[in-house]
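Side-chain atoms are counted along with the backbone in the values below, which use heavy atoms only and exclude waters and symmetry mates.
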Amino acid sequence: PLWVVVSVDAIFAAMEDMSRHRADKEANNSETQIIDSSTGKVEKVAWRQVRVGDIVIVKNRQIIPADLIVLNVAQAEDDKAEDGVCYVETKSLDGETNLKQRRALKEAKGRCTVNKNGIWNV
């Protein structure tokens, strides 16, 4: 009967929603680093505390549960890669596993620098 099919589908949808809710909670509670705009010092915060306008430091292979604009890309001095380019995997958004090229904003180049004391100038 139809009610059995609908009931089974509803149960599976509820289980999927609970699983997604758990995964979202775990991602939102994971730590990242932001630059305090008043002091220029790096602070560790949970992703749920990141607000619009915060400058986030993203490390290689870090999972990012938010939309970000690339301001700067740090590269090793012997790296021959194009300046200001990074690669992003968007598998969790669109299912594609290939890396997408993203470029830092030209207007922001050189504006995010760190001095010898570890204080960021933004």
Side-chain angles (χ1 to χ4, degrees):
L2 180 62
W3 69 270
V4 173
V5 173
V6 172
S7 298
V8 169
D9 186 50
I11 290 170
F12 279 117
M15 289 171 44
E16 187 176 319
D17 284 348
M18 288 188 323
S19 175
R20 189 174 303 125
H21 177 72
R22 253 182 262 130
D24 287 348
K25 187 175 182 178
E26 184 179 321
N28 288 335
N29 286 326
S30 64
E31 280 192 344
T32 191
Q33 294 179 322
I34 64 169
I35 301 171
D36 184 317
S37 58
S38 60
T39 65
K41 293 186 179 181
V42 176
E43 295 180 359
K44 285 187 178 185
V45 297
W47 273 105
R48 70 178 182 283
Q49 296 173 297
V50 174
R51 300 290 178 246
V52 173
D54 284 346
I55 297 177
V56 180
I57 298 174
V58 178
K59 305 285 184 174
N60 192 21
R61 303 202 183 281
Q62 181 178 351
I63 295 174
I64 307 165
D67 294 336
L68 300 177
I69 296 173
V70 179
L71 297 176
N72 198 4
V73 177
Q75 294 172 232
E77 293 196 24
D78 61 341
D79 192 350
K80 303 290 187 236
E82 193 175 345
D83 192 31
V85 173
C86 64
Y87 295 89
V88 179
E89 182 183 272
T90 59
K91 179 173 52 178
S92 63
L93 296 174
D94 57 17
E96 292 186 26
T97 56
N98 57 324
L99 297 174
K100 294 174 179 59
Q101 186 181 66
R102 296 294 181 253
R103 185 177 305 276
L105 294 173
K106 290 178 186 173
E107 297 81 8
K109 186 175 180 179
R111 290 187 180 218
C112 296
T113 59
V114 63
N115 67 22
K116 62 184 176 189
N117 297 325
I119 304 296
W120 284 81
N121 301 312
V122 289

| Does the pair C86 and V70 meet the rule for a side chain to side chain contact (heavy atoms under 4.5 Å, CB included), with working shown? | CA-CA 9 Å; C86 64; V70 179; 3.9 Å; yes
| note | Output for pair (I63 CD1, T32 OG1), nearest 0.5 Å, gives 11.5 Å
| Heavy-atom closest pair, residues V58 and Q62 | CA-OE1, 3.4 Å
| said: Side-chain heavy atoms nearer than 4.5 Å, only ILVMFWY residues, links allowed to pass through others: does that put I64 and I34 together? | reply: yes
| query | So does E26 pair up with R22, basic N to acidic O under 4.0 Å? | reply | no
| query | Between W47 and P65, which heavy-atom pair has the shortest distance, and what is it? | reply | CE2-CD, 3.5 Å
| query | Any chain of hydrophobic side-chain contacts (each under 4.5 Å) joining L68 to V45? | reply | yes
| field | Test side chain to side chain contact (heavy atoms under 4.5 Å, CB included) applied to I57 - qualifying residues, sequence neighbours left out | value | Q33, I35, V42, K59, W120
| field | Non-neighbouring partners of R48 that pass side chain to side chain donor-acceptor pair (under 3.5 Å), sequence neighbours left out | value | N29
| remark: Distance col, row Q49:CD vs K44:NZ, nearest 0.5 angstrom, shows 13.5 Å
| request: Working to the nearest 0.5 Å, report the span between CD1 of I11 and CD of E16. | output: 14.0 Å
| query | So does K25 have more than 12 non-hydrogen atoms from other groups sitting under 6.0 Å from NZ? | reply | no
| said: Check this for me: D67, atom CG, are more than 12 non-hydrogen atoms of other residues, nucleotides or ligands nearer than 6.0 Å? | reply: no
| said: In this structure, would W3 and V8 fall into the same cluster of hydrophobic residues linked by side-chain contacts under 4.5 Å? | reply: yes
| query | Do I55 and I69 share a hydrophobic cluster, counting only Ile, Leu, Val, Met, Phe, Trp and Tyr and linking them when any side-chain heavy atoms are less than 4.5 Å apart? | reply | yes
